[in-house]
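As structure tokens, the structure follows; a few thoughts come after it.
Note that the numbering runs from 1 along the sequence shown for the chain. What you see is a predicted model, and the numbers here were worked out from it, not measured in a lab.
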Amino acid sequence: LFVIVAARAEEGGMRIRSAFAGREAGRFMSFPAITIPAETSVEDAVEQFFVPDRFSAFPVLDGNTVIGLVDVGTVDRLPAARRRSTTAGDVAFHNPELVIDEHQDVAELLERPDFQRVGRAVVLTQSDRVGILSITDVDRALRAFDLKGAPEPGAHPA
């Protein structure tokens with residue numbers, strides 16, 4: 001049973017790697033991303049971003065510089081009494097591996113343990129705008145490939 005499960009997992013991983021090899025993050029990202037200024041209190045972030053926009057994570061910017069991601073789990077773990085005095089920048093998950101260029105190969109990104117753990121990366125464009133590539137974006141693209149048949153790398157996905 002273990003060998004069968006492992007073989008199916010490897011087959012699924014190979015399918016995903018081959019579907020996204022040579023494909024750039026910019027083609028699959030959600031863009032533009034809604035960003036939270038680093039100086040925003042966590043309490044205000046909840047009221048102004050998490051509740052009205054209903055996304056589970058947001059890039060955090062200090063001016064025009066991406067400093068990380070803040071997600072609903074991090075906010076949820078912060079005691080309510082500390083949310084007014086703590087900023088989004090204080091609790092943002094800082095990881096340079098999860099701030100990528102729009103030309104980043106998606107198959108390579110999917111192999112990164114940090115992406116597998118967090119499930120998203122911030123995408124920087126040549127025009128200094130910010131997008132986000134989540135595992136949900138990858139899943140949507142994979143479903144579209146399955147419907148149409150995976151196009152050649154570089155072709156626009158369905």
Side-chain angles (χ1 to χ4, degrees), residues 13 16-145 150-158:
I16 291 169
R17 282 190 296 276
S18 65
F20 289 101
R23 298 179 193 279
E24 296 181 350
R27 292 198 166 235
F28 305 103
M29 69 181 170
S30 295
F31 181 83
I34 298 170
T35 60
I36 299 177
E39 66 275 5
T40 304
S41 74
V42 172
E43 184 174 279
D44 288 344
V46 169
E47 292 173 14
Q48 297 172 16
F49 298 95
F50 283 96
V51 172
D53 295 313
R54 295 185 301 262
F55 293 119
S56 59
F58 296 88
V60 177
L61 273 63
D62 184 6
N64 291 328
T65 304
V66 173
I67 63 166
L69 282 163
V70 64
D71 67 6
V72 71
T74 301
V75 169
D76 192 44
R77 286 188 297 275
L78 187 67
R82 292 189 45 217
R83 292 181 183 176
R84 170 64 44 207
S85 62
T86 305
T87 67
D90 293 335
V91 296
F93 179 67
H94 306 275
N95 186 334
E97 286 284 311
L98 297 178
V99 178
I100 62 171
D101 179 87
E102 66 185 315
H103 301 294
Q104 170 70 50
D105 183 273
V106 175
E108 190 276 325
L109 176 66
L110 293 172
E111 297 286 326
R112 293 182 185 178
D114 288 335
F115 183 82
Q116 293 171 8
R117 185 170 46 79
V118 175
R120 60 189 51 86
V122 178
V123 183
L124 302 177
T125 68
Q126 290 179 338
S127 61
D128 292 329
R129 303 229 12 231
V130 177
I132 194 162
L133 179 65
S134 71
I135 200 67
T136 302
D137 296 318
V138 171
D139 184 54
R140 277 194 296 258
L142 193 57
R143 287 182 191 186
F145 291 164
E152 294 298 313
H156 194 285

(message) Between His94 (side chain only) and Ile67 (backbone N and O only), is there a donor and an acceptor less than 3.5 Å apart?
(response) yes
(message) To check you understand the geometry: which heavy-atom pair defines the closest contact between Gln126 and Glu102, and what is its length?
(response) N-OE2, 2.7 Å
(request) State, to 0.1 Å, how close Gly22 and Asp105 come at their nearest heavy-atom pair, and which atoms those are. (result) N-OD2, 2.6 Å
(request) Describe, in one word, how the ring planes of Phe20 and Phe145 are oriented to each other, choosing from parallel (under 30°), tilted (30 to 60°) and perpendicular (over 60°). (result) tilted
(request) Of all the heavy-atom pairs spanning Arg112 and Glu97, show the shortest one and how long it is. (result) NH1-O, 2.6 Å
(message) Applying side chain to side chain donor-acceptor pair (under 3.5 Å) as the test, list every pair that has at least one member in residues 42-62; sequence neighbours left out.
(response) Ser41-Asp44, Glu43-Arg84, Asp44-Arg84, Ser56-Arg120
(message) Using the rule given for side-chain contact (heavy atoms from CB on, under 4.5 Å), can you reason through Asp128 versus Asn64, listing the C-alpha separation, both sets of side-chain angles and the distance that settles it, and then say yes or no?
(response) CA-CA 8 Å; Asp128 292 329; Asn64 291 328; over 6 Å; no
(request) Could you check if a side-chain atom of Leu78 sits within less than 4.5 angstrom of a side-chain atom of Thr86, using non-hydrogen atoms only? (result) yes
(request) Output yes when a side-chain donor or acceptor of Gln116 lies under 3.5 Å from a complementary backbone atom of Leu110, and no otherwise. (result) yes
(request) Please confirm whether the backbone N or O of Ala107 pairs with a side-chain atom of Arg23, one donor and one acceptor, at under 3.5 Å? (result) no
(message) Test of understanding: with ring pair (Phe, Tyr, Trp, His ring centres under 6.0 Å), list the residues that count as partners of Phe93, not counting sequence neighbours.
(response) none
(request) Drop me the distance from Ile100's CD1 to Glu108's CD, to the nearest 0.5 angstrom. (result) 9.0 Å
(message) Assess the residue pair Asp101 and Leu124 against the criterion (side-chain contact (heavy atoms from CB on, under 4.5 Å)); give the C-alpha distance rounded to whole Å, side-chain angles, the decisive distance to 0.1 Å, and a yes or no.
(response) CA-CA 5 Å; Asp101 179 87; Leu124 302 177; 5.8 Å; no
(message) Counting neighbours of CZ on Phe31 that are heavy atoms of other residues, nucleotides or ligands and sit closer than 6.0 Å, is the number greater than 12?
(response) yes
(message) Name the residue from Ile36, Leu98, Ile132 that meets the side-chain contact (heavy atoms from CB on, under 4.5 Å) definition with Pro59.
(response) Ile132
(message) For a 4.5 angstrom cut-off between non-hydrogen side-chain atoms, does Thr125 reach Met29?
(response) yes
(request) Test Asp139 against Thr136 for side chain to side chain donor-acceptor pair (under 3.5 Å), laying out the working first. (result) CA-CA 5 Å; Asp139 184 54; Thr136 302; over 6 Å; no
(request) Considering non-hydrogen atoms only, spot the tightest contact between Val46 and Pro52 and give its length. (result) O-CD, 4.0 Å
(request) Write down the atom of Val60, the atom of Ala92, and the distance for their closest heavy-atom approach. (result) CG2-CB, 3.9 Å
(message) Quick check on side-chain contact (heavy atoms from CB on, under 4.5 Å): which of Val72, Asp76, Val42 does Phe50 satisfy it with?
(response) Val72
(message) Quick check: closest heavy atoms across Phe49 and Ile34, and the distance to 0.1 Å?
(response) CD2-CG2, 3.8 Å
